[in-house]
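This report concerns only the one structure given below.
Values below: all heavy atoms of this structure, side chains included; hydrogens, waters and symmetry mates excluded.
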Amino acid sequence: LLQYEAFAKNPPDIVHFYQRGPTGFPAPRHLQAAERPGRPRSIMYFSWKPDLELTWREIADGAADGTIASVALELVQYPNLMFFTIHHEPENDVVTTPGSGMTPKDYVDMYRHVVEQLRALGVDNIVLVMVYMGFDRWADMVDDLYPGDDVVDWIGYDPYGFEAQTSFDLLLNRPNPQLEWPGFYDWATAKAPGKPIMVAEWGYDMSAITDAESVLRDAPAILESRFPAIKALVYWNQEGDRVNARLDQQTPEARRFAEAFAEFADDPLFDQTQTAAAP
């Protein structure tokens, strides 16, 4: 977190954590990151996978109810709202074979069961975010994976700037006419009009896009004019298998991007809502 702030020159409004299984949260380490003395409170955001050994069907049928109850005991004690995702990016885990327990229907049933269990246990401080990968290769399953408006508060997706995505507009909405895919943003706003959208992970691979900083120059204006439903962008300041999006890379390209990112993060557009009154 401190490394991110050294380059972004801005404290994050949202701090994102990934949790698995029955370990309760928020834990002291989460609170330490989100509620630092002398700073506005950051909104905690948890992406939770209830059980990696069970199939979605097994969870939907109650096999993880004990785990859900254990986590609920901790969640209800936190006095503020937090963002909450159940098994983010499901597209990559789908197995379409009947009986696999990992079909889109199994996912929807699992997601709805977890929400129903949490609500029955008194958890009313979570803002539910349905998070997709959002790439066009999975366009044929996004409708089938949507759990329903009654259990989704925000819609999220995780775009990244690979070599082909050299504009902020294309990063946030990349259509594919051959697949009759309008782009994730346009799909989401048509699927659930009025729901806020979160870019739950995003970043640029500075090694693949040598002028990555240029895409941020007009980004606030693009957001306001083209993407008004996007209400949060959560930068993924990490190195993964396919992309290194860290802001502290010591290359000329990365330094230029970090400078542009700091200017982007400081734009008044992102000061319109105080975290104490959100989400």
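Checking Y157 against E89 by side-chain atom types alone, no donor-acceptor pair falls below 3.5 Å. Judged purely by distance below 3.5 Å, without hydrogens or angles, the side chains of E35 and H30 never pair a donor atom with an acceptor atom. If you check the side chains of H113 and D61, you find no donor sitting under 3.5 Å from an acceptor.
Of all the heavy atoms in L170 and S167, the pair that sits closest is N-OG, 3.0 Å. F135 and P159 make their closest contact through CZ-CA, 4.3 Å (heavy atoms, listed as atom of the first residue, atom of the second, distance). For the residue pair P196 and K231, the shortest heavy atom distance occurs at CB-CG, 3.7 Å. Across all their heavy atoms, P90 and L145 have their closest contact at CG-CD1, 4.1 Å.
Annotation: side chain of L1 is in contact with side chain of V15 (closest heavy-atom distance under 4.5 Å). Counting heavy atoms from C-beta on, the side chains of Y45 and M198 come closer than 4.5 Å. Put simply, the side chain of Y235 reaches to within 4.5 Å of the side chain of L247, judged on heavy atoms. Side-chain contact between L128 and V115 is present, with heavy atoms from C-beta onward closer than 4.5 Å. Annotation: side chain of I86 is in contact with side chain of M110 (closest heavy-atom distance under 4.5 Å). The shortest side-chain heavy-atom distance between V127 and W154 falls under the 4.5 Å cut-off. At least one side-chain heavy atom of M44 sits under 4.5 Å from a side-chain heavy atom of F17. A 4.5 Å side-chain heavy-atom check between P26 and F46 finds at least one atom pair inside the cut-off.
Here F227 pairs with Y185 under the ring-ring contact (aromatic ring centres under 6.0 Å, His included) rule; sequence neighbours left out.
Taking the six-membered ring wherever Trp is involved, the centroid distance between the rings of W236 and Y4 does not fall below 6.0 Å. Between Y132 and H88, the distance from one ring center to the other does not fall under 6.0 angstrom. Aromatic pair H87/W56: centroids less than 6.0 angstrom apart.
Of the possible polar contacts, none joining the D144 side chain to the Y146 backbone as a donor-acceptor pair under 3.5 Å is found. Using a distance-only test at 3.5 Å, with no hydrogens or angles considered, no donor-acceptor pair links the side chain of N125 to the main chain of M82. Between the side chain of S42 and the backbone N or O of P12 there is at least one donor-acceptor pair closer than 3.5 Å.
Checking L118, L81, D153 one by one against I126, the side chain to side chain contact (heavy atoms under 4.5 Å, CB included) holds for a single residue, L118. With W202 as reference, L171 is the one residue of L171, D158, L172 to meet the side chain to side chain contact (heavy atoms under 4.5 Å, CB included) rule. The ring pair (Phe, Tyr, Trp, His ring centres under 6.0 Å) test with F168 singles out one residue from F261, F264, Y204, and that residue is F264.
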Could you check R256 against D211 for salt bridge (charged side-chain N to carboxylate O under 4.0 Å, His left out), going step by step and ending with a plain yes or no?
CA-CA 8 Å; R256 289 197 300 271; D211 63 341; over 6 Å; no

Determine, step by step, whether F83 and H16 satisfy the ring pair (Phe, Tyr, Trp, His ring centres under 6.0 Å) criterion, reporting the C-alpha distance in whole Å, the side-chain angles of both residues, the deciding distance to 0.1 Å, and the verdict.
CA-CA 9 Å; F83 288 116; H16 193 174; 9.4 Å; no

Going through the checks in order, is the salt bridge (charged side-chain N to carboxylate O under 4.0 Å, His left out) test met by D109 and R57?
CA-CA 7 Å; D109 290 348; R57 174 48 49 195; 2.5 Å; yes

Applying salt bridge (charged side-chain N to carboxylate O under 4.0 Å, His left out), run through D149 and K191 and close with a yes or a no.
CA-CA 9 Å; D149 287 347; K191 180 70 175 179; over 6 Å; no

Before giving the answer on side chain to side chain contact (heavy atoms under 4.5 Å, CB included), spell out for I68 and W48 the whole-Å C-alpha distance, their side-chain angles and the decisive distance to 0.1 Å.
CA-CA 10 Å; I68 297 169; W48 183 50; 4.0 Å; yes

What do the steps show when you test L121 against V76 for side chain to side chain contact (heavy atoms under 4.5 Å, CB included), and what is the final call?
CA-CA 9 Å; L121 292 164; V76 296; 5.9 Å; no

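The pair R20-D51 fails the salt-bridge criterion, with no side-chain N (NZ, NE, NH1 or NH2) lying under 4.0 Å from an Asp/Glu carboxylate O. Salt-bridge annotation for R255 and E213: absent, with no side-chain N of the basic residue lying under 4.0 Å from a carboxylate O of the acidic one.
The aromatic rings of F84 and F25 lie parallel to each other, with less than 30° between the two planes, well short of the 60° mark.
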